[in-house]
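Working notes, structure below.
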Amino acid sequence: MAVEVAGDLAAELAEGGLRLDVDGAVATITLDRAERRNAMTFATWRGLARIGAALPGEVRVVVVRGAGPSFSAGIDLSMFQGGGTVGRGGDRAETERSIAEFQEGYTWLRRPEIVSIAAVHGHAIGAGFQLALSCDLRVIADDTKFCMKEPALGLVPDLTGTKPLVDIVGLPRAIEICLTARTVHAEEAARLGLAETVVPADRLDAAVAELTTALLAVNADAAVATKRLLCEAPGNTLEQQIAAERREQVDRLRALFGAGG
Ligand code: ACO
């Protein structure tokens with residue numbers, strides 16, 4: 001059942017060019033500033049964090065999509081211009097605190113309780129590319145163009161994108177992609193593992209809906225435990241990981257068959 005997102009939250013999200021639709025176990029976040037190619041402001045990142053904090057417990061799949069011709073053109077460049085809010089000197093610790101606050105808009109998409117899907121089409125640049133990288137899965141249209149533009153602007157990617165990028169494509173390719181700030185088109189993105197699925201642009205919504213249905217068909221608690229396990233794997237030794245498998249499985253068996261299981 002679709003739940004209307006309450007007035008105050010909806011208004012706060014609208015300020016950041018965001019829309020949230022919750023329908024039972026599926027939440028859809030729409031970057032909704034098509035006339036600016038879904039360029040993002042501080043309010044966008046705060047809004048994403050608010051969504052993470054306010055997400056109903058029954059939500060199992062979160063879809064992030066962009067309205068209009070592109071997923072997102074990245075940071076709103078007007079924030080760099082005269083009188084803009086980015087780039088002022090300021091206190092170092094305070095600036096780091098602000099960045100940490102913006103990063104919260106991205107980190108929650110990895111939570112074990114949900115599977116996040118970026119539905120990407122058109123341009124996904126800078127902060128937009130990083131938002132797609134923050135999701136567990138990427139379903140992309142064949143017109144997708146990823147670009148890590150930050151170094152070309154004298155910046156580093158700081159919205160949690162560097163780790164997933166390196167994890168997915170490997171260090172040498174990540175260095176090449178970021179330090180040339182070049183465009184990675186859909187076909188190459190799929191080859192590099194940056195997308196689970198590439199579909200014709202007019203099939204994007206259908207492909208995301210099919211994946212969502214398949215994800216929801218699996219036992220909810222097993223899905224959470226399995227994602228938790230998989231997320232731990234890269235940081236664990238084999239011994240640690242198989243011990244974690246045992247712990248999770250005991251919990252599963254007890255849940256399925258009772259405490260004697
Ligand atoms: N910030 C602010 N406004 C933007 C941005 C942006 N990042 N991107 C697009 N817009 C605006 C354009 O200025 C234009 O406004 P106008 O209608 O008033 O002229 C409108 O959105 C449409 O943009 P177009 O360029 O006409 O759209 P098109 O589809 O041809 O191109 C593209 C899209 C490729 C995304 C282009 O707009 C672009 O290169 N944008 C800048 C991308 C960028 O450098 N982002 C920063 C990345 S770094 C980071 O995110 C930290």
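Both ligands and their constituent atoms are indexed starting at 1 by order of listing.
Protein residues having at least one heavy atom under 4.0 Å from any atom of ligand 1 are Glu35, Arg36, Arg37, Ala39, Ala73, Gly74, Ile75, Asp76, Leu77, His123, Ile125, Gly126, Ala127, Lys149, Glu150, Leu153, listed by chain and number.
A salt bridge does not link Arg50 to Glu15: none of the charged nitrogens lies less than 4.0 Å from a carboxylate oxygen. Salt bridge annotation for Arg173-Glu176: present, with a cationic side-chain nitrogen under 4.0 angstrom from a carboxylate oxygen.
Other residues sharing the hydrophobic cluster of Leu215, ordered by chain and number and joined by side-chain separations under 4.5 Å: Val26, Val61, Val63, Val115, Ile117, Leu137, Val139, Val199, Leu204, Val208, Leu211, Leu216.
With sequence neighbours excluded, no residue satisfies side-chain hydrogen bond (donor to acceptor under 3.5 Å, both in side chains) with Asp158. For Arg110, the side-chain hydrogen bond (donor to acceptor under 3.5 Å, both in side chains) partners two or more places apart in sequence, or in a different chain, are Thr160.
Relative orientation of the Trp45 and Phe102 rings is tilted, given thresholds of 30° and 60° on the angle between their planes.
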